[in-house]
Amino acid sequence: MEWLNSLAKDASASAVKTSIEKLTWFRNIDAHLLDLSMLPNERRRFLATVARRSTNQGLERRGDRKFPILLAFVAQAAVDQLDEVVALFDQAVSARESRAKSRTDEALAERPRRARSGSC
C-alpha cells in the first residue's frame with residue numbers, strides 16, 4: 001500500500017510513468033468499476049483515510065473489518081490516481097512549453113544581432 005500512497009515529487013517523465021503504472025494497476029483490478037454509492041461520501045472518505053494511515057499489521061488486526069476499509073481505499077485511490085496522472089501530465093507539458101517558449105524568445109532575440117554582425 002505504501003507504493004500506492006506515495007505521491008509524485010515532480011512532473012518528470014519517470015514520475016508520470018510511475019503514476020501511469022499505478023493507474024494501470026488500479027484499472028487491472030477494476031477499481032474504477034467499484035460501486036460504493038450505497039455508502040455516504042463521508043463514510044467512504046473516512047474509511048479510505050483509515051486505510052491510508054494504517055499499517056499492514058494494523059489492518060490485519062481488524063479482522064473482517066479490514067475489507068470495507070480496503071475497498072473504500074481502492075475505490076478512492078483509483079480516482080485520486082487518475083487526477084494525479086492528469087495533473088502530472090499537465091505540469092510536464094506546461095514545463096516543456098515554457099522551455100520551448102524561452103528558447104524561441106532567445107532565438108528571436110539573436111536574429112537581429114546575427115543579421116547585424118553578418119552585414120559588417
Side-chain angles (χ1 to χ4, degrees):
M1 264 183 32
E2 187 176 325
W3 178 68
L4 297 174
N5 276 329
S6 62
L7 298 173
K9 293 176 180 42
D10 59 2
S12 66
S14 63
V16 173
K17 183 180 179 213
T18 301
S19 194
I20 290 172
E21 287 170 357
K22 288 181 193 178
L23 182 62
T24 301
W25 185 85
F26 282 118
R27 294 287 170 125
N28 286 339
I29 65 167
D30 292 334
H32 61 292
L33 300 176
L34 287 174
D35 181 16
L36 301 179
S37 61
M38 70 290 297
L39 289 174
N41 287 336
E42 297 80 29
R43 181 72 178 156
R44 273 196 314 252
R45 276 191 290 258
F46 171 74
L47 291 173
T49 301
V50 167
R52 267 188 220 99
R53 292 181 179 169
S54 297
T55 62
N56 292 342
Q57 186 179 21
L59 286 171
E60 258 325 295
R61 279 187 252 148
R62 292 180 181 270
D64 288 344
R65 293 183 305 153
K66 70 182 169 198
F67 297 116
I69 292 170
L70 291 172
L71 281 174
F73 166 74
V74 167
Q76 185 63 46
V79 171
D80 294 345
Q81 193 60 44
L82 178 60
D83 290 345
E84 183 177 305
V85 167
V86 170
L88 284 174
F89 186 76
D90 183 50
Q91 289 172 12
V93 168
S94 293
R96 282 270 188 210
E97 184 179 12
S98 177
R99 283 194 298 270
K101 184 176 179 349
S102 295
R103 287 185 194 143
T104 302
D105 290 346
E106 289 171 12
L108 289 174
E110 276 296 313
R111 271 189 188 170
R113 287 185 216 133
R114 284 188 201 151
R116 276 184 272 159
S117 65
S119 62
C120 291

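Nothing fancy with the numbering, it's 1 onward along the sequence. Small disclaimer: the values here were computed from a predicted structure and weren't measured.
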Practice prompt. Grab the two heavy atoms, one from S19 and one from V85, that are nearest each other, plus how far apart they are.
Written response: OG-CG2, 3.3 Å

Practice prompt. Could you grab the distance from atom CG of L108 to atom CD of E110, nearest 0.5 Å is fine?
Written response: 10.5 Å

Response to the item:
When every non-hydrogen atom of V74 is compared with those of A31, the smallest separation belongs to CG1-CB, 3.3 Å

Worksheet, complete the sentence: Correct closest heavy-atom pair for R44 and S37 would be NH1-CA, 3.5 Å

Fill in: Residues R65, L47; criterion side-chain contact (heavy atoms from CB on, under 4.5 Å); working and verdict
CA-CA 10 Å; R65 293 183 305 153; L47 291 173; over 6 Å; no

Worksheet item: For the hydrophobic clusters of this structure (ILVMFWY residues joined by side-chain heavy atoms under 4.5 Å, transitively), does one cluster hold both L59 and L34?
Response: yes

Discussion item. Distance check, rounded to the nearest 0.5 Å: D35 atom CG versus L71 atom CG?
Written reply: 11.5 Å

Worksheet item: Is there a path of hydrophobic side-chain contacts, each under 4.5 Å between heavy atoms of I, L, V, M, F, W or Y residues, that connects I20 with V79?
Response: no

Worksheet item: What are the two closest heavy atoms between A11 and V16, and how far apart are they?
Response: O-CG2, 4.3 Å

Item to complete: Determine yes or no for a side-chain-to-main-chain donor-acceptor pair under 3.5 angstrom, with T49 supplying the side chain and R45 the backbone.
Response: yes

Discussion item. Using 0.5 Å steps for rounding, measure from the CG atom of L23 to the CG atom of D80.
Written reply: 11.5 Å

Worksheet item: Below 4.5 Å, heavy atoms only, C-beta onward: do F73 and R52 meet side chain to side chain?
Response: yes

Worksheet item: So with a 6.0 Å cut-off around CZ of R53, is the heavy-atom count from everything else above 12?
Response: no

Worksheet item: Looking at CZ of R62 and CG of L70, how far apart are the two atoms once the value is rounded to the nearest 0.5 Å?
Response: 10.0 Å

Worksheet item: Where is the tightest heavy-atom contact between A48 and Q76, given as atom of each residue plus distance?
Response: CB-CB, 3.9 Å

Discussion item. Give me the atom names and distance for the closest heavy-atom approach of L88 to A15.
Written reply: CD1-O, 3.9 Å

Worksheet item: Measuring from Q57:CD to E60:CD, what's the distance to the nearest 0.5 Å?
Response: 9.0 Å

Item to complete: Please confirm whether the backbone N or O of S14 pairs with a side-chain atom of T18, one donor and one acceptor, at under 3.5 Å?
Response: yes

Worksheet item: How many angstroms lie between atom CZ of R61 and atom CG of N56, to the nearest 0.5 angstrom?
Response: 11.0 Å

Worksheet item: Transitively linked via ILVMFWY side-chain contacts under 4.5 Å: V50 with L39?
Response: yes

